[in-house]
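Everything on this sheet refers to the single structure shown next.
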2 protein chains.
Amino acid sequence: MTPKIIQGSKRGRGRPAVFDRSKALFEAMKLFWERGYEGTSFDDLIGAMGISASSFYNSFGSKEALYCEATRAYLDWAGQWFFAILNEPSTDARTAFALLLEATAEEFTRGDHPPGCMISLAGTHCSPGMRNIRDMMSEHRAFSESAMAARIRKGIADGDVPADTDCGMLAAYYSAVARGLAVQARDGASREKLSEIAKVAMRAWPPGKARDARR
Amino acid sequence: MTPKIIQGSKRGRGRPAVFDRSKALFEAMKLFWERGYEGTSFDDLIGAMGISASSFYNSFGSKEALYCEATRAYLDWAGQWFFAILNEPSTDARTAFALLLEATAEEFTRGDHPPGCMISLAGTHCSPGMRNIRDMMSEHRAFSESAMAARIRKGIADGDVPADTDCGMLAAYYSAVARGLAVQARDGASREKLSEIAKVAMRAWPPGKARDARR
DNA sequence: TTATTTTTGGTGTCATCGCTCCAAAAATCC
DNA sequence: GGATTTTTGGAGCGATGACACCAAAAATAA
């Protein structure tokens, strides 16, 4: 319960850090991403991170704390392309979502990291000791969904989305599609397949011309 | 490796089974469904099944073997409504898929069993010891997707689906949507929300009148 | 009742998991 | 170089996980 003091508590004197902390975190992230929280053991982690058990403890506190950090690191990383596309001011809402799904297809199938999404499929099972992590991942999913809803609302304000669109529901739909793409990627689907699915998914975009947003 | 002989090997003489095997299996299924394979412990299982460790071993062989059986039981159970709707001869393909998603929304949110789908979200993480289970679940997902593709092909043959439809891709899309609905259900989405998402998803159905199937 | 077959409780085992502690080493500032 | 501060390797620990075994009990056919 006491907030564990981690690496860098009294910097300026004494021995500095030897291993690259953010690099170790990145390795841990990839492992969690591929194997999930329960599927990744302490020994797996320190092996991949190249540090000892005590270094691990000193620097990251606990497996659960590391998982939170790794998740944050993933969000910072994936959030870059996600929000860059979502908030690009010069594209209309429909194009933004098409590009978003296209980028999703690409990012979910790159060879330099595990397939799919670290957030979409993690913490979906609920054993007693997993509630914290489950709730955390659930909140992250809700957050990205609400970001999509906000973009759709902006589309209405901009006049490029029909004014009677249910933003929350359309966001929930695209959120669900993205989760589904993650499962497909896990099952070995190619970028091309995900891309085609994305194209089909875009056919569900609200039909009809946008009405005048200025009422 | 030796195929373990389980309950009922030499029936007709001796003591008969005391506990209800299929009921115990059903309890195990619900536990696996909710908590996943790794999240469910041996003790959790025998507790929920109401049997001793040795009975467990005698009757089901191992945790992994039980998981396979529980998965089969789930497929038999969920396959009932799934295939009943998919193969109903009097509905056209589009209606079949609309009803399928509608049923999915309902089944994924019933109070009498865990939310979502036991197949959609299981075995998506790949630690070394989970490869068998991962592959098994992946195959089950591929199977349901191919069943959907077959139904769409039948729709083309019946003339109620445009002949130039890419059946495999459309099936992959609806498969992905179903997986996404499972995640949404896990995150606590209501039947109504899933139902609305399903309606949005149906807007992606191939547009245009069906061409004459008889070429 | 007896022989036969299967179930059961209880106990044990071996591995892994996630930590935890400690003494020694290393790198900085003075 | 010495003091200070932090990191590191290594050993160990309590808990849990997934079986595994066995003698005793129970229920049936004969």
Side-chain angles (χ1 to χ4, degrees), chain A residues 1-2 4-25 28 31-32 35-70 125 127-130 132-133, chain B residues 1-25 28 31-32 35-70 127-130 132-133:
Chain A
M1 268 305 152
T2 61
K4 212 64 173 114
I5 294 168
I6 59 171
Q7 203 181 44
S9 56
K10 282 184 184 175
R11 268 303 164 62
R13 236 187 300 277
R15 187 186 182 182
V18 172
F19 64 89
D20 186 335
R21 195 177 189 281
S22 63
K23 189 169 180 180
L25 182 59
L31 218 53
F32 279 133
R35 306 185 180 183
Y37 181 76
E38 294 174 292
T40 309
S41 76
F42 199 83
D43 289 350
D44 290 337
L45 286 168
I46 62 176
M49 297 165 91
I51 59 175
S52 69
S54 37
S55 296
F56 175 92
Y57 183 69
N58 285 336
S59 291
F60 299 99
S62 71
K63 186 186 172 187
E64 188 169 338
L66 174 62
Y67 188 74
C68 293
E69 265 200 82
H125 288 130
S127 30
M130 284 284 287
N132 287 343
I133 286 175
Chain B
M1 266 306 153
T2 62
K4 209 71 174 104
I5 293 168
I6 59 170
Q7 204 180 46
S9 57
K10 283 184 184 175
R11 268 301 164 62
R13 237 186 300 276
R15 186 186 182 181
V18 172
F19 64 88
D20 185 333
R21 195 177 188 283
S22 63
K23 190 170 180 179
L25 182 60
L31 219 52
F32 279 133
R35 305 184 181 184
Y37 180 76
E38 293 174 292
T40 309
S41 76
F42 199 83
D43 289 350
D44 290 338
L45 286 168
I46 62 177
M49 297 165 92
I51 60 175
S52 68
S54 35
S55 298
F56 176 91
Y57 183 69
N58 285 335
S59 292
F60 298 99
S62 71
K63 185 186 171 187
E64 188 168 338
L66 173 63
Y67 188 74
C68 293
E69 264 200 81
S127 30
M130 284 283 288
N132 287 343
I133 286 175

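The sequence lines fix the lettering, A, B, ..., with proteins before strands; numbering per chain opens at 1.
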Please enumerate all residues that pass side chain to side chain donor-acceptor pair (under 3.5 Å) together with B:Ser55, with sequence neighbours excluded.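 B:Ser55: side chain to side chain donor-acceptor pair (under 3.5 Å) contacts with B:Ser52.
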Please determine if A:Lys63 and A:Glu38 form a salt bridge, counting it only when a charged side-chain N lies under 4.0 Å from a carboxylate O.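 No, this pair does not count.
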I want to check one thing: is the phosphate of D:dA20, taken as OP1 and OP2, less than 4.0 Å away from some side-chain N or O of B:Tyr57?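 Yes, B:Tyr57 has a side-chain N/O under 4.0 Å of OP1/OP2 on D:dA20.
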Quickly work out the [X] [atom1] to [N] [atom2] distance and round it to whole Å.
{"X": "A:Asn58", "N": "D:dT5", "atom1": "CG", "atom2": "C1'", "result": "12 Å"}
{"X": "B:Ile46", "N": "C:dT11", "atom1": "CD1", "atom2": "P", "result": "14 Å"}
{"X": "A:Phe60", "N": "D:dT6", "atom1": "CZ", "atom2": "P", "result": "17 Å"}
{"X": "A:Leu45", "N": "C:dG18", "atom1": "CG", "atom2": "P", "result": "8 Å"}
{"X": "B:Phe19", "N": "C:dT6", "atom1": "CZ", "atom2": "P", "result": "14 Å"}

Rounded to the nearest 0.5 Å, what's the gap from CE on B:Met49 to CG on B:Leu31? Could you check?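 Answer rounded to 0.5 Å: 9.5 Å.
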Is the backbone of B:Met130 close enough, under 3.5 Å, to the side chain of B:Ser127 for a donor and an acceptor to pair up by distance?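 No.
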Keeping B:Asn58 on the side-chain end and B:Ser54 on the backbone end, is there a donor-acceptor pair under 3.5 Å?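 Yes, B:Asn58 side chain to B:Ser54 backbone: donor-acceptor pair under 3.5 Å.
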Below 3.5 Å is the cut-off: list the nitrogen or oxygen pairs between protein and nucleotides 15-18 of chain D, distance only.
{"residue": "D:dA18", "atom": "OP1", "partner": "B:Lys63", "partner atom": "NZ", "Å": "2.5"}
{"residue": "D:dA18", "atom": "OP2", "partner": "B:Phe42", "partner atom": "N", "Å": "2.6"}

DNA chain C contacts made by residues 49-56 of chain B, counting heavy atoms under 4.0 Å: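 Correct list: B:Ser52, B:Ser54, B:Ser55.
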Is the shortest side-chain heavy-atom distance between [X] and [Y] below 4.5 Å?
{"X": "A:Thr40", "Y": "A:Tyr67", "value": "no"}
{"X": "A:Leu45", "Y": "A:Phe60", "value": "no"}
{"X": "A:Asp20", "Y": "A:Ser22", "value": "yes"}

